[in-house]
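Read through the structure below, which is laid out as structure tokens, and then see the notes.
Counting from 1, the numbers follow the sequence of the chain as shown. Keep in mind that the numbers below use all heavy atoms, side chains included, and drop hydrogens, waters and symmetry copies.
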Amino acid sequence: MLTGWSLRTRLVLVVTVALLPVLALSAWHAVREQRASQLGEAEAVTAAADLVVARHRELLEATRRLLVAMCEDDTVRLSASPDASAADINRCQAYLGQVLQKFPNEYSSAFVTDAAGTARCSSAPIAVGMGFSDREIFRLVRETRKFTASAQLVSRVTPNAVIPTALPILQDGEFRGMCALGIALRSFADLVTPASATDRIAVSLVDRRGVSLAGSAEAARGLPVAVRLAAAIVGSQQAFRDYGQDGQLYEFRLLPLADTSIFVVAAAPVVEGFSFLLADWGGFVLVVLALGAALLAVWLGADRWCVQPLRYIRDFADRVAR
């Protein structure tokens, strides 16, 4: 089969066949390294999202416990009753004010409503008489009958944006009102910052509409458009790749904060192009170059030390034959 091939060609073919297992092993290792790199990047993004989720869930759990203790107070529960006197209201307001004084940075305001959503008692007296029945937090508490946190909103009681949380006030199984506590958005957002500074991973908070609530301006530019995020939230799509608003391709992880309407989005840029190929396939390229160099050495060496001496012998034999 190889009778028509020259000696050099046969030697190069033999060396190539001998080195094919090395080439195949190098290719397998490159594929494995690429998969490990992608898996490691995905795990890093998930870890960053999990870290922020854990921090915010701790804050929400602490808020829930504070609300439970605060709303179980007799003065607070009595203020939600239509029969509460002015003295009862004043005692409730003094109590709420004392509680919030201990958490000046974490919480913005606290108030109690009746079953119709009208504020009866508040740490900020200007809130008394305001209606909150149109707020999402009131509807959620009335329907779920349990601790609830809602998306960011501008407070009617203070000039700051807050994350509203609330517990229902129940009497004989009937909804009698809402006991609410507003988490200061700045305090909520500060829990994102440490995770945002790690490596190339940026973390943001978004609501169900995909609108950014907290995070750096750079992290917000890395988010996809709000419609895309909203679609991922509706479809329970926790991991996906998409382009951010800055035009860069990102690896995203989307996790909810407990059963609230707030979500954590972690994003890491996906490396593409020559640098990406070099990082994962650099070793394989070096093996291919080494194989090429070895074949070139065999080709030149075979001519210098094998073919040329044999050619001299062949020429001498031809002369002797003549």
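Contacts of R64 classified as salt bridge (charged side-chain N to carboxylate O under 4.0 Å, His left out), with partners at least two apart in sequence or in another chain: E61.
Checked by atom type and distance alone, the side chain of R120 pairs as donor or acceptor with a backbone atom of S81 at under 3.5 Å. Side chain of R253 to backbone of A266: no donor-acceptor contact under 3.5 angstrom is found. A donor-acceptor pair is defined here as one N or O able to donate and one able to accept, closer than 3.5 Å; no such pair exists between the side chain of S109 and the backbone of G182. Judged purely by atom type and a 3.5 angstrom limit, D172 has no side-chain atom pairing as donor or acceptor with the backbone of E174.
Among all heavy-atom pairs drawn from R209 and A230, the shortest one is O-CB, 3.7 Å. What you find for A110 and L181 is that their closest heavy atoms are CB-CD1, 3.7 Å. Across every non-hydrogen atom of S133 and A116, the tightest pair is CB-O, 3.4 Å. Counting all heavy atoms, side chain and backbone alike, G131 lies closest to D134 at O-OD1, 3.8 Å. Taking each heavy atom of F252 and P224 in turn, the nearest pair found is CZ-CD, 3.3 Å. Taking each heavy atom of A115 and F138 in turn, the nearest pair found is O-CZ, 3.4 Å.
Taken together through direct or relayed side-chain contacts under 4.5 Å among Ile, Leu, Val, Met, Phe, Trp and Tyr, F147 and V112 form part of one hydrophobic cluster. One hydrophobic cluster, built from ILVMFWY side chains closer than 4.5 Å, holds both V99 and V68. Residues Y250 and V225 do not share a hydrophobic cluster, defined by chaining ILVMFWY side chains whose heavy atoms lie under 4.5 Å apart. Residues L167 and L140 fall into different hydrophobic clusters, defined by Ile, Leu, Val, Met, Phe, Trp and Tyr side chains chained together at heavy-atom separations under 4.5 Å.
The CG atom of L255 sits 5.5 Å away from the CD atom of Q238 when rounded to the nearest 0.5 Å. Q93 CD to S79 OG: the interatomic distance, rounded to the nearest 0.5 Å, is 8.5 Å. Annotation: the span from I183 atom CD1 to T165 atom OG1 amounts to 5.0 Å, rounded to 0.5 Å. Within the model, atoms CE of M130 and OG of S122 stand 8.5 Å from one another, a figure rounded to the nearest 0.5 Å. To the nearest 0.5 angstrom, M70 atom CE is 7.0 Å from L100 atom CG. Note that SG of C71 and CG of L96 are 8.0 Å apart. Values are rounded to the nearest 0.5 Å.
Crowding of R145 atom CZ: a count of heavy atoms from other residues, nucleotides or ligands under 6.0 Å exceeding 12.
Taking the six-membered ring for Trp and thresholds of 30 and 60 degrees, F103 and Y107 have ring planes more than 60 degrees apart, a perpendicular arrangement. Aromatic ring orientation, F132 versus F111: parallel (interplanar angle below 30°, classes split at 30° and 60°).
Electrostatic pairing of R91 and D88 counts as a salt bridge here, judged by a charged N lying under 4.0 Å from a carboxylate O.
No side-chain heavy atom of T113 sits less than 4.5 Å from a side-chain heavy atom of I169. For the pair L229/D242, no side-chain contact is recorded, criterion being any heavy-atom separation below 4.5 Å from C-beta on. Annotation: side chain of L67 is in contact with side chain of C179 (closest heavy-atom distance under 4.5 Å).
In this structure, R228 is positioned above the aromatic face of F240, its NZ or CZ under 6.0 Å from the six-membered ring centre and within 45° of the axis.
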